[in-house]
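Here the structure comes first, spelled out in structure tokens, and everything after it is commentary.
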2 protein chains.
Amino acid sequence: MAEKTAGADKRVTLRDVARAAGVSHQTVSRAINGKGEIDPETQRRVLDVARELRYRPSRFGRGLVRPDVVTIGLVVPDVVNPFYPEFIAGVIEAAGARDWQVVVASTEGNRPRELTLLRSLGQQVDALVGYFSHTDAELEPYVAGVPLAIVDRAPDTGIHAVVRIDSEAGIRAGLEHLISRGHRHIGMIDCVSYCDPAVRSRTFLDVSRAHRLPIDDNWVFVAEESMAGGGIAFETLRTRHPAMTAMIAFNDLVAVGAFQAARRLGVAIPAECAIVGFDGLSIGELIEPPLTTLHLDKRRLGELAVAQLDQLLAGELPPPVVLSPHLLVRGTT
Amino acid sequence: MAEKTAGADKRVTLRDVARAAGVSHQTVSRAINGKGEIDPETQRRVLDVARELRYRPSRFGRGLVRPDVVTIGLVVPDVVNPFYPEFIAGVIEAAGARDWQVVVASTEGNRPRELTLLRSLGQQVDALVGYFSHTDAELEPYVAGVPLAIVDRAPDTGIHAVVRIDSEAGIRAGLEHLISRGHRHIGMIDCVSYCDPAVRSRTFLDVSRAHRLPIDDNWVFVAEESMAGGGIAFETLRTRHPAMTAMIAFNDLVAVGAFQAARRLGVAIPAECAIVGFDGLSIGELIEPPLTTLHLDKRRLGELAVAQLDQLLAGELPPPVVLSPHLLVRGTT
DNA sequence: TTGTATGCGTTATCAA
DNA sequence: TTGATAACGCATACAA
């Protein structure tokens, strides 16, 4: 009588089912896992009891005896920024192909949070992949021992796997494209970025100098990574440099934001100001004319990151791999 | 000498570290978990050995002893379709607030795959949430016993938690908005959808009839859920009904696709054809004029789903909860 | 076909 | 402060 009411809140185990079904817990295991060696009749009975008791195998108990299933943690700054879904999709797909599971977490661009997240997540998964804004030294106390694949950050101590994006080549290609169209007064919208903040604007200025463009630091504006940020950047740069006839943005989000601002201000694109974006997001196809951009295969980026992790998990540290953007000329230049 | 080379591929355990450090495995546990009751000197030594041996605690061993960490599985048809990232963000955020982890998986719109995915994922998590295209009966063999929160599907057997979207109210509001602007020849772009395929077009036709619009089945076109699909729908409906002056789409993706097609064909929006979308995606703001739409709080949708799961995990089946869209009048009507 | 005994890696209890 | 011992829930030899 007190056998059903008891239970309180404890988990139902294999043994509970066994007791209720009047068999050994071993028989229950066999029934649940459907490996022959069991009388169909007993199996049916056991299964019924199991359902009755709402029995669910513990993934921990199971994982302990056959540690097969690999789980990786995926960390991104933001799930909604349209850059990341494609990257995430690439990771999930590549992981799925290996029968891995992916725990997704977002730092919301919060650096301290990134660290605590890494610590807790790192304890629950076999490896971590994603965008990390800290140096290896800063990361170390939080992810000690956890295999790490870092995306879009220059190799640091060289102890982690790395997938780099050749933004330098991208900026160069975009800039030279604009120059070849006769532009000489070119602005750049950079973004606040945790990693390698200087490399992009440095490349921009280096290439400009090499082509003897009349440009200096003042032609670079660091915007918040959003459409609104792009709008502000456009207005600011245009006010600062009325002679500006073109601009290159570090991502499509701000590029589109700049485009919208231009439209609002009655500035014709590309006639009065050409725009080159970066990333190749599909939002670039929605504006009219569509955005010229440095297209990056974000899905591939995710696949590469997983591949790096795969090698890491296999015990070998792979050399950094680099993914390059390619120029996609559309309507805004 | 053979002590380091041995290792083969086995996992390093607490006991391995203990042996190497010349202490009991219990002491190692204490050192790792940093709970006092240990000589700082021993702790340091043990920690050193642990690092040396690249020891990592097993989440299974740990989970077995204190099953605290909750992990839920999130299933969506597609990660890239701009509807889902916001929903996913809502789920991840609400889960994070409860210190839950989220394993994200995508069915890629593949129904058989959905089932196998559900089975394997269901074994690894404490509960599942997301978009499921099958009936409860079809689901049963694959997710038996797993707490389920189903989004955007009418309650079926009533054994699972459910978050519904009141698309009926949405369609009605959109349609009446168009009617109030004087439109009478209105087309509808529906989408192939697993769940409740009929409810939307039925509502559309019911409301049309109530207002005595000259409309029948032929004014409904079922499109593929993509911009291209929306384009085809626009062309088809317009050819079929030259008198059409407005249309309502079941989601912004196809609505924007229709808009682009209109532009390509030289049809002025909204002058020659008004368009109402559904979902309130940010892509609707990129076109000019911006899309009038039935805005849905997708982030909230995710939060509600997690809340439902929370109750389910607490042992009680919550009543279905409904989320309603609201009309956002912008430029295309 | 079924049951018994053992071990997986960890933490908790309690005695030393 | 440390160590022996006992769980935790499951699967797998091996014996019955």
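Reminder, nothing fancy here: chain letters follow the sequence lines and each chain counts from 1.
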Exercise for the section: Ignoring backbone atoms, establish whether B/Arg66 has a side-chain N or O less than 4.0 Å from OP1 or OP2 of D/dC8. Expected result: no
Handout entry: Atom pair distance, as rounded to whole Å: CD1 in A/Ile32 and P in D/dT12
Key = 14 Å
Practice task
To the nearest Å, give me how far apart CG (A/Leu14) and C1' (C/dG3) are.
Solution key: 13 Å
Exercise for the section: Assess whether one donor atom and one acceptor atom, taken from the side chain of A/Arg59 and the base of D/dG9, lie less than 3.5 Å apart. Expected result: no
Handout entry: N/O (side chain, B/Thr13) to phosphate O (OP1/OP2, C/dC8) under 4.0 Å
Key = no
Handout entry: Distance, rounded to the nearest Å, where A/Asp39 contributes CG and C/dT1 contributes C1'
Key = 7 Å
Exercise for the section: Considering just the side-chain nitrogens and oxygens of A/Ser24, establish if one lies under 4.0 Å of OP1 or OP2 belonging to C/dT4. Expected result: no
Handout entry: Phosphate-side-chain proximity, B/Thr27 and D/dT2, N/O vs OP1/OP2 below 4.0 Å
Key = no
Problem - Between C/dT6 (P) and A/His25 (NE2): distance, integer Å - result: 12 Å
Exercise for the section: Grab the CZ-C1' distance between B/Arg45 and D/dT2 for me, whole Å please. Expected result: 12 Å
Handout entry: A/Glu108 and A/Ser106 side chains, donor-acceptor separation under 3.5 Å
Key = yes
Problem - side-chain hydrogen bond (donor to acceptor under 3.5 Å, both in side chains) contacts in which one or both residues fall within residues 308-319 of chain A, not counting sequence neighbours - result: A/Arg98-A/Asp310
Practice task
Would you kindly check whether a donor in the side chain of A/Arg30 faces an acceptor in the base of C/dG3, or vice versa, at under 3.5 angstrom?
Solution key: yes
Practice task
State whether A/Glu41 and A/Arg44 are salt-bridged, where the test is any N-O pair (Lys NZ or Arg NE/NH1/NH2 against Asp/Glu carboxylate O) under 4.0 Å.
Solution key: yes
Exercise for the section: Report the distance from atom CZ of B/Arg19 to atom P of C/dG9, rounded to the nearest whole Å. Expected result: 11 Å
Exercise for the section: Taking only Lys NZ, Arg NE, NH1 and NH2, and the carboxylate oxygens of Asp or Glu, determine whether A/Asp136 and A/Arg153 approach each other closer than 4.0 Å. Expected result: yes
Fill in the blank from the handout: Separation of D/dG9 atom C1' from B/Gln124 atom CD, nearest Å, is 14 Å
Practice task
Report yes if a side-chain nitrogen or oxygen of A/Ser58 is closer than 4.0 Å to either non-bridging phosphate oxygen (OP1 or OP2) of D/dG9; otherwise report no.
Solution key: no
Completion exercise
The residue, A/Pro40 or B/Pro57, whose nearest nucleotide of DNA chain C is more 5′ is A/Pro40
Exercise for the section: Answer yes or no: side-chain N or O of A/Gln26 and base N or O of D/dA11 forming a donor-acceptor pair under 3.5 Å. Expected result: no
Exercise for the section: Nearest whole angstrom, please: distance from the C1' of C/dT11 to the CZ of A/Phe60. Expected result: 14 Å
Handout entry: Touch class at under 4.0 angstrom, heavy-atom based, for B/Ile38 against every strand present
Key = sugar-phosphate
Practice task
Select one nucleotide: of C/dT11, D/dG9, D/dG3, the one nearest the side-chain heavy atoms of A/Arg15.
Solution key: D/dG9
Practice task
Begin with the C-alpha distance, continue with both residues' side-chain angles, and end with the deciding distance and a verdict on side-chain hydrogen bond (donor to acceptor under 3.5 Å, both in side chains) for B/Ser133 and B/Glu114.
Solution key: CA-CA 8 Å; B/Ser133 68; B/Glu114 179 185 322; 2.7 Å; yes
Problem - Given DNA chain D, 5'-ward residue of the pair B/Leu64 and B/Gly22, judged by closest heavy atom - result: B/Gly22
